[in-house]
Amino acid sequence: QVRLVESGGGLVQPGGSLSLSCAASGSIFSIITMGWYRQAPGERRELVATMSSGGSTNYADSVRGRFTISRDNAKNTVYLEMNSLEPQDTAVYYCNADRVGTPSGWGRDYWGQGTQVTVSS
């Protein structure tokens with residue numbers, strides 16, 4: 001059983017910074033892609049950033065230059081450093097792990113429970 005547990009998030013003023021982390025647990029020997037998505041009220045879930053096990057990154061245009069994704073493959077953990085936060089960044093942020101290798105085979109699209117990020121003065 002693969003489980004993703006997020007931490008971080010909270011309330012921050014515009015222009016501030018927050019950090020998120022997400023640890024995957026279970027009998028995992030590899031995770032090809034880990035990343036972050038977000039969903040604002042009334043909106044569809046959207047990609048924020050992803051990172052491959054080899055270090056390749058992909059960012060949404062709206063966060064490029066302000067957010068930084070990183071990961072520790074040995075710990076099956078992914079991080080998101082968010083700077084220069086804007087009210088438009090307010091959303092529930094979800095951790096994702098895709099193509100997860102376990103003794104049972106490769107699994108797709110595991111999700112964390114989500115963590116609220118609110119940017120407001």
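Residue numbers start at 1 and run along the sequence shown.
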Minimum-distance pair of heavy atoms, taken over all atoms of C22 and M34: O-CE, 4.3 Å
Closest non-hydrogen atom pair, R71 against S52: NH1-C, 3.2 Å
Side chain to side chain, S25 and N76, heavy atoms closer than 4.5 Å: no
Closest non-hydrogen atom pair between R38 and S62, with its separation: NH2-OG, 3.4 Å
Flag side-chain contact, heavy atom, 4.5 Å: Q13 against L85: no
Parallel, tilted or perpendicular: ring planes of W111 versus Y94, cut at 30 and 60 degrees: perpendicular
Single-linkage hydrophobic cluster Y37~I31, side-chain heavy atoms < 4.5 angstrom: no
Approximate separation, where rounding is to 0.5 Å, of T90 OG1 and Q116 CD: 7.0 Å
Working for side chain to side chain donor-acceptor pair (under 3.5 Å), residues S7 and S21: CA-CA 5 Å; S7 60; S21 63; 2.6 Å; yes
Euclidean distance, N96 CG relative to T33 OG1, rounded to 0.5 Å: 8.5 Å
Distance (rounded to the nearest 0.5 Å) between M51 CE and T68 OG1: 10.0 Å
Heavy-atom pair with the smallest gap, counting every atom of V119 and D89: CG2-CB, 4.2 Å
Criterion side-chain contact (heavy atoms from CB on, under 4.5 Å) on D98 and I32, from CA distance to verdict: CA-CA 6 Å; D98 190 29; I32 302 302; over 6 Å; no
Validation row, ring centre F29 to ring centre W106 under 6.0 Å: yes
Atom of C95, atom of V78 and distance for their closest heavy-atom approach: SG-CG1, 3.8 Å
Path from F67 to V12 over hydrophobic side-chain contacts below 4.5 Å: yes
E6 and L20: CA distance, side-chain angles, deciding distance, side-chain contact (heavy atoms from CB on, under 4.5 Å) verdict: CA-CA 7 Å; E6 299 134 338; L20 306 179; over 6 Å; no
Candidate list L80, N58, I69, test side-chain contact (heavy atoms from CB on, under 4.5 Å), partner V48, passing option: L80
side-chain contact (heavy atoms from CB on, under 4.5 Å) between R99 and R108, intermediate numbers included: CA-CA 5 Å; R99 290 173 288 168; R108 300 295 308 267; 3.5 Å; yes
Heavy atoms of other groups near R64 CZ, more than 12 under 6.0 Å: yes
Candidate pair Y79 and D72, rule side-chain contact (heavy atoms from CB on, under 4.5 Å), full reasoning: CA-CA 8 Å; Y79 307 93; D72 184 332; 4.2 Å; yes
Side chain T115, main chain G8, donor-acceptor under 3.5 Å: yes
CG-CD distance between L18 and E81, expressed to the nearest 0.5 angstrom: 8.5 Å
Atom of N83, atom of S17 and distance for their closest heavy-atom approach: OD1-OG, 2.8 Å
